Each structure stands twice: as structure tokens, then as C-alpha cells.
Amino acid sequence: MAAAELLSQEFELGFTYTRSTGPVVGKFLTGLRDGKVYGVRGSDGRVLVPPAEYDPVTAAPLTDFVEVGQEGRLLSWCWVSEPREAHLLQQPFAWAMVQLDGADVPMIHCLEAPSAEAVTTGARVSISWADERQGFITDIRCFTLLQGAAS
Amino acid sequence: MSEPQADVTVVKSPVYLKYRFTAGSAPARFLGRLKEGVLTGQRCPRCSNVYIPARGSCPACGVPTEKEVVLSDKGTVQSFTIVSIPIPGNPIEPPYIVANIVPDGANISFIHLLSECVNEEVHIGQRVQALWKPAAEWGYSMDNIRYFRPLDEPDVAVDRIGKLPVTGLES
């Protein structure tokens, strides 16, 4: 048998989903568009951000929305030295677990920092909003480090 | 804010998967012959089943399949569906037929379009033949076949679908 040609080709498989948010996630995303962050209060009094649709303890629907702060504390993080194409930040950054002031659980987002050495667990961070907001999680462009003492 | 905006109720969240497909030796051979307008399969040395497109091994026996066999561009409808819903990015106007077609000489089917037919009269066991694009347009693609269309031949009994020799019904 003759040697076969080496055949190689790029292709892309796309799933063009549009998802309904439901009232809870819709409230959160509407808040982001308007430059606010909403959580929801659970049956045990904890404020969950992003808001959960159902109580993690009782499974009851949750509706007691609470606006939380736009600064918070870095609970844990992981440095990404080589961002990939799909990442929001194209410079090295950290995936960060940030507990916003007034929230009782952390949320995950990107943290912009000059280097891994500049990042410390417990650091104070602040939301950096996107220039144009549309009601999506990327309305938070990223978190940034606040200068000053870690809390 | 100048004017209040409606609440957010939907988000666009497309998923794009980017691949680079590199054909192995058996698929590359298949595609090379396809570019010449020839459908080929590979026969398993153990169970004698002929596979199209060949992957280089028999999925049932787990042994290499090295013997290439030339198949017919005539075949039999093994199953089909009438597509009534438009698919984003697909230029074909529904309703149209997508069929599993077993080419004569092979034992498994591949998926292709069926046209020049009355959709409601398409049936399992129906004989069909490939309508090829002009040879100048052939590439490494099953799109070299524009579609299959009905043949004026007797139906194949269900228990014989996928078991016809390359010579078709005449044996």
C-alpha cells in the first residue's frame, strides 16, 4: 500500500446556547449590569454570593436579596502564569476566591496582579468593573489588589 | 442612568470546541481514495465484516484491518429521519432526509443526505445511489457526494440490509 498523505485539519464545534437566567441569577446579573452585587440570605442567616436559588440547608426557594460590598478579602488563589485564549485576562493573573464584605461565602473570579509575589492570602481586593456592562459575570472585569494592610 | 433598563432574563453562553483532527493511516487512505471518487472500506481478517470509513481495526474483534476493499456507490437505506427543524449554520432548507446508508459490499452504514425523493415515501430497505459532484470539486470529504437518490430497484429485505455484496442485488 502506498504511503498515505498526512491529513490534518482544524475545525470548530459550536453550541450557540442562550440560557434563561431564572429570577435569582437574573437579579444577580441585573445587579452587575447596574454596578451592584447582590447576594441572598439563607435560612441560617448566611449571605450567599452569587445568590443561590434554593437554600443549601432546607432547599426552600430563596428571595431575600442583600446588596453586598464591592471590596472583599482574598481567601485563596491560584496563579495562572500562561493565560489561555478563553481567559478574561491575557496577562498572568490569579483565579481567586473572594469573600465580599457582607457576604459569608467566597465567589470565584479573576484577580489582576503584577506578579504572583504581589498576591497574599487575606489581601484586600476590589471589583474592577468592565467599561461596558451587559448583565453577565464578565461585567466584573476582574478583582484588583487594594493597597494597604491585609485584613 | 438615563433610562431604566429591563431586568436581565437571558444570557448568551455559547460553547466553542476547537479541534485539530489528524487522520490516522486508515482514515487518510480512505479520504485519499474518496478524493478520487472511490468509496473504500477495510475487511476484518477474523469476522470478515467490512467497515466504512475504516479506522484500521475491527471494533468487534480488536484486530488490525489491513485489506482494503472497493465498495459500490449504490447502497441501501438502513434508517432515516426527516429533518423539519432548521439547524443554525446549515444551508439546507428543511424538510430534508438524513439517512443511514449501507453501501453495497460493506456491513455498516454511514450518514448522508437523501434527495430527489418524496420524503414521505422514503423507507427502510430502499435502494439508493450517490450523486457525485463534478470531479473538479472533489476533496477529502464525503461532501464529494452531493446526496443519495432513489434507485429503481426492488427493496432489500430487512434481514439482508448490510449484507449485500459489492455487486448489489444481482448475486
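Hydrogens, waters and symmetry mates are skipped; everything else that's a heavy atom, side chains included, is used. Bear in mind the structure is a predicted one, so any value in this text is a computation, not a measurement. Numbers restart at 1 for each chain; the letters A, B, ... are given by sequence-line order, proteins then strands.
With hydrophobic clusters built from ILVMFWY side chains whose heavy atoms lie under 4.5 angstrom apart, L48(A) does not share a cluster with V68(A). The cluster map of Ile, Leu, Val, Met, Phe, Trp and Tyr, joined by side-chain heavy atoms under 4.5 Å apart, puts L145(A) and M97(A) in different clusters. Linking Ile, Leu, Val, Met, Phe, Trp and Tyr whenever their side-chain heavy atoms come within less than 4.5 Å puts L131(B) and Y96(B) in one cluster. Taken together through direct or relayed side-chain contacts under 4.5 Å among Ile, Leu, Val, Met, Phe, Trp and Tyr, L29(A) and I127(A) form part of one hydrophobic cluster. W132(B) and V166(B) sit in two unconnected hydrophobic clusters of ILVMFWY residues. Membership requires side-chain heavy atoms under 4.5 Å apart, directly or through other members.
In terms of heavy atoms, V10(B) sits closest to S20(A) at CG1-CA, 4.2 Å. The minimum heavy-atom distance between P14(B) and T16(A), with the atom names listed, is CB-CA, 4.1 Å. Looking at every heavy atom in both residues, V8(B) comes nearest to Q134(A) through CG2-O, 4.4 Å. Taking all atoms of both residues into account, the shortest heavy-atom contact from E12(A) to Y16(B) is OE1-CD2, 3.6 Å.
Judged by distance alone, the side chain of T21(A) and the main-chain N or O of T9(B) form a donor-acceptor pair under 3.5 Å.
For E132(A), the CD atom counts as loosely surrounded, since its 6.0 Å shell holds 12 or fewer non-hydrogen atoms of other residues, nucleotides or ligands.
Atom-to-atom distance recorded for L7(A):CG and R29(B):CZ is 12.0 Å, nearest 0.5 angstrom. Considering CD of Q9(A) and OG1 of T22(B), their distance stands at 10.0 Å, rounded to 0.5 Å.
For a residue to count as touching a neighbouring chain, one of its non-hydrogen atoms must lie under 4.5 Å from one of that chain's; by this rule A6(B) touches chain A with the backbone only. Proximity to chain B involves both the backbone and the side chain of F11(A), based on heavy atoms less than 4.5 angstrom apart.
Comparing T18(A), L32(A), L13(A), I137(A) by how many heavy-atom pairs each has under 4.5 Å with chain B, the most go to L13(A).
Residues of residues 98-107 of chain B never come closer than 4.5 Å to chain A when only heavy atoms are counted. Contacts from residues 51-59 of chain B to chain A, taken as heavy-atom pairs separated by less than 4.5 Å, involve no residues at all.
Among pairs with a residue in residues 88-98 of chain B, none fulfils salt bridge (charged side-chain N to carboxylate O under 4.0 Å, His left out), at least two apart in sequence or across chains.
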Side-chain donor-acceptor pairs under 3.5 Å in residues 76-89 of chain A, sequence neighbours left out?
from   : atom 1 : to      : atom 2 : distance (Å)
W77(A) : NE1    : T121(A) : OG1    : 3.1
E85(A) : OE2    : K18(B)  : NZ     : 3.0
H87(A) : ND1    : R84(A)  : N      : 2.9

